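Encoded as structure tokens, the structure appears first; notes follow it.
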Amino acid sequence: RLRKWQRRIRVSNATERNLAFALSELDRMASALGLPRTVRETAAVVYRKAVDKNLIRGRSIEGVAAAALYAACRQCSVPRTLDEIEEVSRVSRKEIGRTYRFISRELALKLMPTSPIDYVPRFCSGLNLKGEVQSKSVEILRQASEKELTSGRGPTGVAAAAIYIASILCGERRTQREVADVAGVTEVTIRNRYKELAEELDIEIIL
Amino acid sequence: MSESSIKIENVVASTKLAEEFDLTVIESQFEGAEYNKQKFPGLVYRVSDPKAAFLVFTSGKVVCTGAKNVADVHTVIGNMARKLNSIGIKTIENPQITVQNIVASADLHTILNLNAIAIGLGLENIEYEPEQFPGLVYRIDEPKVVVLIFSSGKLVVTGGKSPEDCERGVEVVRQQLDNMGLL
DNA sequence: GCTTTAAAAAGTAAGCT
DNA sequence: AGCTTACTTTGAAAAGC
């Protein structure tokens, strides 16, 4: 009856209002992170799928939006760390990680863990390092992976160490502090990783 | 066959020692007992002969954690009951003790490729986020345990109710990795 | 979901000398 | 650059918010 229709309209309004809010949140966060349109669109698709599967129940729109963006960055091979997503969202890293695990499982995203290689372009441009250094970094990371030097280590730390080494080998040296700052890790981590890489891959670093 | 040994690191058990407890009295009589009702409803008490920690509740129920084996759990709970008796608190005679969880460690003695294992076991069956934690999380249905797999080959098994659950969990992992040629 | 307990694994982090 | 302490993850129970 008329009442039923009013209710549907009300629900519909609320649903549309929530979706609009979620999409604006995705846009706001994506802009803050300087992400390309394709990633925002991917995140929107993930969010809509989550809505269609009623995965929002018991969860905040902000949390699901942040998790969707985190997932989208990984799907597009331009990963952001949970810390970076947390900085532009108003949800805790713990909540984002928990929601990501949930939607990742429910939507069967089947994402491989983030590869250190995917961080190379962004970190290198942040350090004004050219393509040659990027190529060298990727080469080092491929060897590192083959020699089992990346399992269990933080992808950003390994990527940072490879870039640090590559910058020196290419005569474009960046300090551990500079690399650490763009990668969001400590100098200690870069030191630990680069010593291991240099030793196991027989790379001589002349400082 | 000695390489399949696991080391039990922690045993958690629960029991009921009385119908009710006045935690304020216990706190004043037991050296080192901590009790802040607003912080946590249970009284915390640590013992050292076999090392363990107790959480004592007003309902008379008790949680014992930190013991290194199942036998120690019974020993420390028995000691706890005698300690309570010594300050004039009556306790239930043969309390039913339930082991709720056992944490154990093991070693496969091989460096592991966690990415390969993630694919081999199936991305939908595992959780592996090296950005967050270095171990790969693998949940097994039978026995119902959770195994943390590290690139060093070391394992942590938890969630089991008996040492056998933990041992079987390790064997399941060893066999699956072996079948996939990842050992 | 949180609070509190204990313990291992390995990586990363922070504070201090 | 070390060393120490501490936090990340997993599991379970307890009583109450």
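Per chain, numbering begins at 1; letters A, B, ... match sequence-line order. Worth saying up front: this structure is predicted, and the values here are computed from it rather than measured.
Of the residues in residues 78-87 of chain A, not one comes within less than 4.0 Å of DNA chain C through any heavy atom. Contacts with DNA chain C (heavy atom under 4.0 Å) in residues 51-73 of chain B: B/Lys51, B/Ala53, B/Leu55, B/Thr65, B/Gly66, B/Lys68, listed by number. A heavy atom closer than 4.0 Å to some atom of DNA chain D occurs in no member of residues 113-124 of chain B. Annotation: proximity of residues 184-205 of chain A to DNA chain C (heavy atom, distance under 4.0 Å) is found for A/Gly184, A/Val185, A/Thr186, A/Thr189, A/Arg193, numbered in ascending order. Contact check of residues 102-121 of chain A against DNA chain C (heavy atom, cut-off under 4.0 Å) returns no residues at all.
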Which atom pairs, one a donor and one an acceptor, fall under 3.5 Å between side chains of residues 183-190 of chain A and the rest of the protein, sequence neighbours left out?
residue: A/Thr186; atom: OG1; partner: A/Thr189; partner atom: N; Å: 3.3
residue: A/Thr186; atom: OG1; partner: A/Thr189; partner atom: OG1; Å: 3.3
residue: A/Glu187; atom: OE1; partner: A/Arg177; partner atom: NH1; Å: 2.9

Contacts under 3.5 angstrom, residues 24-41 of chain B side chains, donor-acceptor by atom type, not counting sequence neighbours:
residue: B/Ser28; atom: OG; partner: B/Thr24; partner atom: O; Å: 3.4
residue: B/Ser28; atom: OG; partner: B/Val25; partner atom: O; Å: 2.8
residue: B/Glu34; atom: OE2; partner: B/Arg46; partner atom: NH1; Å: 3.1

Would you list the atom pairs, donor with acceptor, under 3.5 Å between side chains in residues 59-73 of chain A and any protein atom, with sequence neighbours excluded?
residue: A/Arg59; atom: NE; partner: A/Leu55; partner atom: O; Å: 3.0
residue: A/Ser60; atom: OG; partner: A/Gly63; partner atom: N; Å: 2.9
residue: A/Glu62; atom: OE2; partner: A/Arg90; partner atom: NE; Å: 3.2
residue: A/Glu62; atom: OE2; partner: A/Arg90; partner atom: NH1; Å: 3.1
residue: A/Glu62; atom: OE2; partner: A/Arg90; partner atom: NH2; Å: 2.6
residue: A/Tyr70; atom: OH; partner: A/Arg74; partner atom: NH1; Å: 3.1
residue: A/Tyr70; atom: OH; partner: B/Glu131; partner atom: OE1; Å: 3.3

Tell me which donor-acceptor pairs under 3.5 Å the side chains of residues 114-128 of chain A have, and how far apart each pair is, sequence neighbours excluded?
residue: A/Ser115; atom: OG; partner: A/Ile117; partner atom: N; Å: 3.2
residue: A/Arg122; atom: NH1; partner: A/Glu84; partner atom: OE2; Å: 2.8
residue: A/Arg122; atom: NH2; partner: A/Pro79; partner atom: O; Å: 2.9
residue: A/Arg122; atom: NH2; partner: A/Glu84; partner atom: OE1; Å: 3.1
residue: A/Ser125; atom: OG; partner: A/Pro121; partner atom: O; Å: 3.2
residue: A/Ser125; atom: OG; partner: A/Arg122; partner atom: O; Å: 3.0

request  = Test side chain to side chain contact (heavy atoms under 4.5 Å, CB included) on B/Asn101 and B/Lys161 and set out the steps.
outcome  = CA-CA 5 Å; B/Asn101 182 32; B/Lys161 303 279 191 197; 6.0 Å; no

inquiry  = Applying side chain to side chain contact (heavy atoms under 4.5 Å, CB included) to A/Arg93 and A/Asp83, what does each step give before you reach the verdict?
reply    = CA-CA 6 Å; A/Arg93 193 192 64 170; A/Asp83 285 330; 3.1 Å; yes

request  = Apply the test side chain to side chain contact (heavy atoms under 4.5 Å, CB included) to residues A/Arg153 and A/Arg193: give CA-CA distance (whole Å), side-chain angles for both, the deciding distance (0.1 Å), then the verdict.
outcome  = CA-CA 9 Å; A/Arg153 280 95 172 174; A/Arg193 292 301 128 239; 3.6 Å; yes

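Within the nucleic acid shown, A/Gly154 comes within 4.0 Å of sugar-phosphate atoms alone, with no base atom in reach, counting heavy atoms only. Residue contacts for B/Ser152: at a heavy-atom cut-off of 4.0 Å it reaches the sugar-phosphate backbone alone, with no base atom in range. When heavy atoms are screened at a 4.0 angstrom cut-off, A/Gly152 is found touching the sugar-phosphate backbone but no base atom. Residue B/Val103 is in base contact, counting any heavy-atom pair closer than 4.0 Å across all strands shown. Nucleic acid contact for B/Lys144: sugar-phosphate only, since backbone atoms but no base atoms lie under 4.0 Å from a heavy atom of the residue.
Annotation for B/Gln175: atom CD does not count as buried by contact number, only 12 or fewer foreign heavy atoms lying within 6.0 Å. By the 6.0 Å contact criterion, CD on A/Gln6 is enclosed, its count of non-hydrogen atoms from other residues, nucleotides or ligands being greater than 12.
If you take CD on B/Glu127 and CG on B/Leu148, they are separated by 10.5 Å, rounding to the nearest 0.5 Å. Considering CD1 of A/Ile96 and CZ of A/Arg101, their distance stands at 12.5 Å, rounded to 0.5 Å. A distance of 8.0 Å separates OG1 of B/Thr58 from CD of B/Glu20, quoted to the nearest 0.5 Å.
The P atoms of D/dC7 and C/dT3 are separated by 12 Å, rounded to the nearest whole Å. Taking atom C1' on both nucleotides, D/dG2 is separated from C/dA8 by 24 Å, rounded to a whole Å. Remark: the separation of the P atoms in D/dT8 and C/dC2 is 11 Å, to the nearest Å. Rounded to whole Å, the P atom of C/dA13 lies 15 Å from the corresponding atom of D/dT9.
Among B/Asn125, B/Val146, B/Val157, B/Val173, the single residue meeting the side-chain contact (heavy atoms from CB on, under 4.5 Å) criterion with B/Ile140 is B/Val173. When the options B/Lys154, B/Lys68, B/Lys51 are evaluated for a salt bridge (Lys or Arg N to Asp or Glu O under 4.0 Å) with B/Glu9, the one that passes is B/Lys68. When each of B/Pro134, B/Ser152, B/Ser151 is checked for a side-chain contact (heavy atoms from CB on, under 4.5 Å) with A/Ser151, only B/Ser151 meets the rule.
Along DNA chain C, the nucleotide nearest to B/Glu9 and the one nearest to B/Phe40 differ in position, and the one closer to the 5' end is contacted by B/Phe40. With DNA chain C read from its 5' end, the first of the two nearest nucleotides for B/Glu34 and B/Lys7 is the one closest to B/Glu34. Mapped onto DNA chain D by nearest heavy atom, B/Val156 and B/Gly42 fall at different nucleotides, with B/Val156 at the one closer to the 5' end. Residues B/Pro41 and B/Gly159 each lie close to DNA chain D; by heavy-atom proximity, the contact nearer the 5' end of the strand is made by B/Gly159.
A/Arg191 places a side-chain heavy atom less than 4.5 Å from the side chain of A/Gln176. Side-chain atoms of A/Ser12 and A/Thr15, non-hydrogen and from C-beta on, never get closer than 4.5 Å to each other.
No donor-acceptor pair closer than 3.5 Å links the side chain of A/Tyr100 to the backbone N or O of A/Leu82. A donor-acceptor pair under 3.5 Å is formed between the side chain of B/Asn69 and the backbone N or O of B/Asp72.
Residues passing the ring pair (Phe, Tyr, Trp, His ring centres under 6.0 Å) test with B/Phe54: none are found, sequence neighbours excluded.
In this structure, a donor-acceptor pair under 3.5 Å is present between the side chains of B/Ser14 and B/Gln100. Side-chain polar atoms of B/Asn79 and B/Arg82 form a donor-acceptor pair below 3.5 angstrom.
At D/dT10, one or more side-chain N or O atoms of A/Arg101 fall inside 4.0 Å of OP1 or OP2 (strictly under the cut-off). Checking the phosphate oxygens (OP1, OP2) of D/dT8, no side-chain nitrogen or oxygen of B/Gln132 falls inside 4.0 Å.
Across the protein-nucleic acid pair, B/Glu131 atom CD and D/dT9 atom P stand 12 Å apart, rounded to whole Å.
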request  = Determine which bases of DNA chain D form Watson-Crick or G-U wobble pairs with both distances under 3.5 Å, and write the result as a 5' to 3' dot-bracket string with | for other-strand partners.
outcome  = ||||||||.|..|||||

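In the 5' to 3' direction, nucleotides of DNA chain C lying under 4.0 Å from heavy atoms of chain B begin and end at C/dT3 to C/dG11.
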